Asker: 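One structure coming up, written as C-alpha cells, with questions to follow.
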2 protein chains.
Amino acid sequence: MKRKPSTEATSAWIRLMRVQSRVLDCVEQDLKKAGFPPLAWYDALLELSRAPSGELRPVELERQMLIPQYSTSRLIDRLVDEGLALRRECKIDKRGQFVEITEAGRELQKRMWGAYSAAIEKYVGSKLSDADAVKLSGLLDRLGCSCGEMKLPVTSESTPLR
Amino acid sequence: MKRKPSTEATSAWIRLMRVQSRVLDCVEQDLKKAGFPPLAWYDALLELSRAPSGELRPVELERQMLIPQYSTSRLIDRLVDEGLALRRECKIDKRGQFVEITEAGRELQKRMWGAYSAAIEKYVGSKLSDADAVKLSGLLDRLGCSCGEMKLPVTSESTPLR
DNA sequence: TCAAGATTGATGCAGGTGCATCAAGTGCGC
DNA sequence: GCGCACTTGATGCACCTGCATCAATCTTGA
C-alpha cells in the first residue's frame with residue numbers, strides 16, 4: 001500500500017466532494033424550479049453561442065465541455081429535439097457534422113443566465129469575499145492541474161461566464 | 001433579475017465544479033481499476049462499520065450519507081446481494097429494520113481504504129501542503145454552511161476517514 | 001380508543017450514464 | 001493506388017437515478 005494522505009488532505013477531499021455536491025444540487029434545483037433544463041444544456045448552448053458562427057463540431061463541444069463522446073452525442077440529440085440547435089452536414093469531412101445553435105437556443109441561454117447567475121450569487125458569491133473567491137480558485141486550480149488546463153472565462157460587462 | 005455574482009465568485013464556482021468532477025473521476029477510476037466497487041459502497045460500509053454494533057437503521061445511513069431515501073434503499077439491496085451486509089428486523093419498530101455489516105463487508109471496507117487513501121494522496125495530498133489543505137477546507141466550509149454541517153472524521157493512527 | 005397524519009422503506013417508470021462496439025470516412029505510409 | 005490505422009459520431013445494453021407513490025406501521029390528540 002502506498003503512502004497515506006495527511007488528515008488535512010483527507011479532510012479537504014471530503015469537503016470538496018460534499019460541498020460541491022450540495023452547492024451543485026442547490027443550483028440545479030433553483031434552475032429546475034424556474035422551469036429550466038439541466039446545467040449541461042446551458043453549458044452546451046453557451047459554447048455554441050460563443051463559437052464564431054454559432055456552430056461547432058460535436059468533437060469540439062466534447063473537448064470544451066470535458067464530457068465523453070457518447071454523452072455529447074446524446075446531449076445534441078436533446079437540444080435538436082427541442083429546437084435549440086440543429087445538425088448541419090460538414091462538407092469538408094463527411095464523417096462529421098456541425099451543430100448550430102438556433103435563435104431559440106440563444107434566447108434560452110440568455111434567459112437561463114438570469115437564473116443561473118442569481119443562483120451563483122446566492123450560493124457562492126454571497127458567502128465569500130472576492131478575495132476569498134480568488135484564494136479558493138487558486139487552491140482548486142492546484143488540484144486540477146494534472147488533469148489538463150481550464151478555460152478562463154472571458155468576461156465582459158454582461159457576458160455570461162461559464 | 002437578481003444581483004449578479006462577481007467574476008471572482010463565478011470563477012470560483014466554475015473551478016469548484018470542474019475540479020471536483022475531475023478529481024472524483026480520477027479517484028473512482030483508480031478504485032475501479034483496482035477492482036473495487038464505487039465509492040458510495042465504501043461510504044456506506046464505513047458508516048456501518050463505525051456504528052456501535054455494526055448496524056444502522058436505513059434512515060440513519062441516509063442521514064449520514066446525505067443521499068435520498070430511495071437511493072439508500074437500493075444501495076442496501078446491492079450490499080446485501082453481495083453479502084457485504086444483511087437486513088435484520090427491527091423489533092421495536094416493525095416498519096423499520098437494521099442493516100448489519102458482515103465480516104466480508106468489514107474486510108472489503110478495509111481493503112478499499114488502501115486504494116482509496118492512496119488515491120487521495122495522489123490527487124489531493126501530493127498537490128497541496130497541509131496548510132493549504134486547511135485553507136481549502138476552511139473556504140469550502142463557508143460555502144457548505146447553509147446546507148447543514150459536516151461530520152468531522154475522527155482520526156486515529158490508521159483509522160480510515162471519510 | 002380511534003382516526004388523521006407522520007414516518008419508514010420499497011418500487012414502477014422514465015430518463016440519464018458508462019461501456020463496448022459499430023459503420024462510415026479520412027489520411028498516412030508504402 | 002491500396003491497405004491499415006485513426007477519427008468521428010451513433011447506439012444497444014446494463015445499470016443508476018429522480019420522481020411519484022404505495023403499504024405498513026407508529027404517534028398524536030381529542
Side-chain angles (χ1 to χ4, degrees), chain A residues 17 20-22 24-33 35-44 47-48 55-82 85-100, chain B residues 17 20-22 24-33 35-44 47-48 55-82 85-100:
Chain A
M17 295 303 116
Q20 187 273 353
S21 91
R22 306 274 213 107
L24 176 57
D25 247 45
C26 294
V27 172
E28 289 267 23
Q29 217 52 40
D30 278 15
L31 280 190
K32 174 177 286 195
K33 268 183 264 173
F36 289 118
L39 262 184
W41 291 36
Y42 176 83
D43 288 342
E47 288 303 335
L48 290 174
E55 58 185 15
L56 283 176
R57 299 285 298 265
V59 70
E60 300 295 338
L61 194 54
E62 179 187 330
R63 284 193 262 264
Q64 300 283 347
M65 298 184 60
L66 305 169
I67 57 179
Q69 180 270 319
Y70 52 81
S71 198
T72 314
S73 179
R74 285 164 173 151
L75 177 54
I76 294 170
D77 283 349
R78 287 170 221 137
L79 295 180
V80 170
D81 283 352
E82 299 295 325
L86 39 85
R87 293 180 204 265
R88 312 180 68 78
E89 76 168 316
C90 172
K91 300 192 205 290
I92 52 178
D93 183 343
K94 287 203 214 101
R95 288 169 305 188
Q97 60 191 243
F98 279 106
V99 179
E100 185 183 353
Chain B
M17 294 304 114
Q20 187 273 354
S21 93
R22 306 275 214 108
L24 177 56
D25 247 44
C26 293
V27 171
E28 289 265 25
Q29 216 53 40
D30 278 15
L31 280 190
K32 174 177 286 195
K33 267 183 268 175
F36 289 118
L39 262 185
W41 292 35
Y42 176 83
D43 287 343
E47 288 303 335
L48 289 174
E55 59 186 14
L56 281 177
R57 298 285 299 265
V59 71
E60 301 292 339
L61 194 53
E62 181 188 327
R63 282 193 263 264
Q64 300 284 346
M65 297 184 62
L66 304 168
I67 58 179
Q69 180 269 321
Y70 52 80
S71 198
T72 315
S73 179
R74 284 165 173 148
L75 177 53
I76 293 170
D77 283 349
R78 287 171 221 137
L79 295 180
V80 170
D81 283 352
E82 298 295 324
L86 38 86
R87 293 181 205 264
R88 313 179 69 78
E89 74 167 317
C90 172
K91 300 191 206 292
I92 50 177
D93 183 344
K94 287 203 214 103
R95 288 169 305 186
Q97 60 190 246
F98 278 106
V99 179
E100 185 183 354

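Every chain is numbered from 1, with letters handed out A, B, ... down the list of sequences. As the structure is a computational prediction, the values presented were derived from the model and not from experiment.
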Asker: Rounded to whole Å, please give me the gap between CD1 in Ile92(A) and C1' in dT7(D).
Answerer: 14 Å
Asker: Of all the choices, dC26(D), dT8(C), dG18(D), which nucleotide is nearest to the side chain of Lys94(B) once you look at every atom?
Answerer: dC26(D)
Asker: Expressed as a whole number of angstroms, how long is the span from Leu39(A):CG to dG16(C):P?
Answerer: 15 Å
Asker: Could you grab the distance from atom CD of Gln20(A) to atom CZ of Arg22(A), nearest 0.5 Å is fine?
Answerer: 12.0 Å
Asker: In whole angstrom, what separates Gln97(A)'s CD from dG9(D)'s P?
Answerer: 6 Å
Asker: dG25(C) P sits how many Å from Glu89(A) CD, rounded?
Answerer: 12 Å
Asker: CZ of Arg95(A) versus C1' of dA23(C): gap in Å, rounded?
Answerer: 12 Å
Asker: Quick check: closest heavy atoms across Ile76(A) and Pro58(A), and the distance to 0.1 Å?
Answerer: CD1-CB, 3.8 Å
Asker: So, for Leu86(A) and Val80(A), which heavy atoms are closest and what is the spacing to 0.1 Å?
Answerer: CA-CG2, 4.1 Å
Asker: Whole angstrom is fine here: how far is it from CG in Leu66(B) over to P in dG18(D)?
Answerer: 13 Å
Asker: Ala85(B) and Val99(B): which non-hydrogen atoms are nearest, and at how many Å?
Answerer: CB-CG1, 3.9 Å
Asker: Where each residue is assigned the nucleotide of DNA chain D containing its nearest heavy atom, which of Gly96(A) and Asp93(B) is assigned the position nearer the 5′ end?
Answerer: Gly96(A)
Asker: For Leu61(B) and dA10(C), give me the distance from atom CG to atom P, rounded to whole Å.
Answerer: 12 Å
Asker: Between C1' on dA24(D) and CZ on Arg57(B), what's the gap in Å once rounded to a whole number?
Answerer: 13 Å
Asker: What is the minimum heavy-atom distance between Asp43(A) and Met65(A), and which atoms define it?
Answerer: CB-CE, 3.7 Å
Asker: Toward the 5' end of DNA chain D, which comes first, Arg87(A) or Trp41(B), by nearest nucleotide?
Answerer: Arg87(A)
Asker: Please give me every residue in residues 67-79 of chain B whose heavy atoms get under 4.0 Å of an atom in DNA chain C, ordered by residue number.
Answerer: Gln69(B), Tyr70(B), Ser73(B), Arg74(B)
Asker: Which pairs with one or both residues in residues 87-100 of chain B pass side-chain hydrogen bond (donor to acceptor under 3.5 Å, both in side chains), sequence neighbours excluded?
Answerer: Asp77(B)-Arg87(B), Arg87(B)-Gln97(B), Arg88(B)-Glu100(B), Asp93(B)-Arg95(B)
Asker: Of all the heavy-atom pairs spanning Ala44(B) and Leu79(B), show the shortest one and how long it is.
Answerer: CB-CD1, 3.9 Å
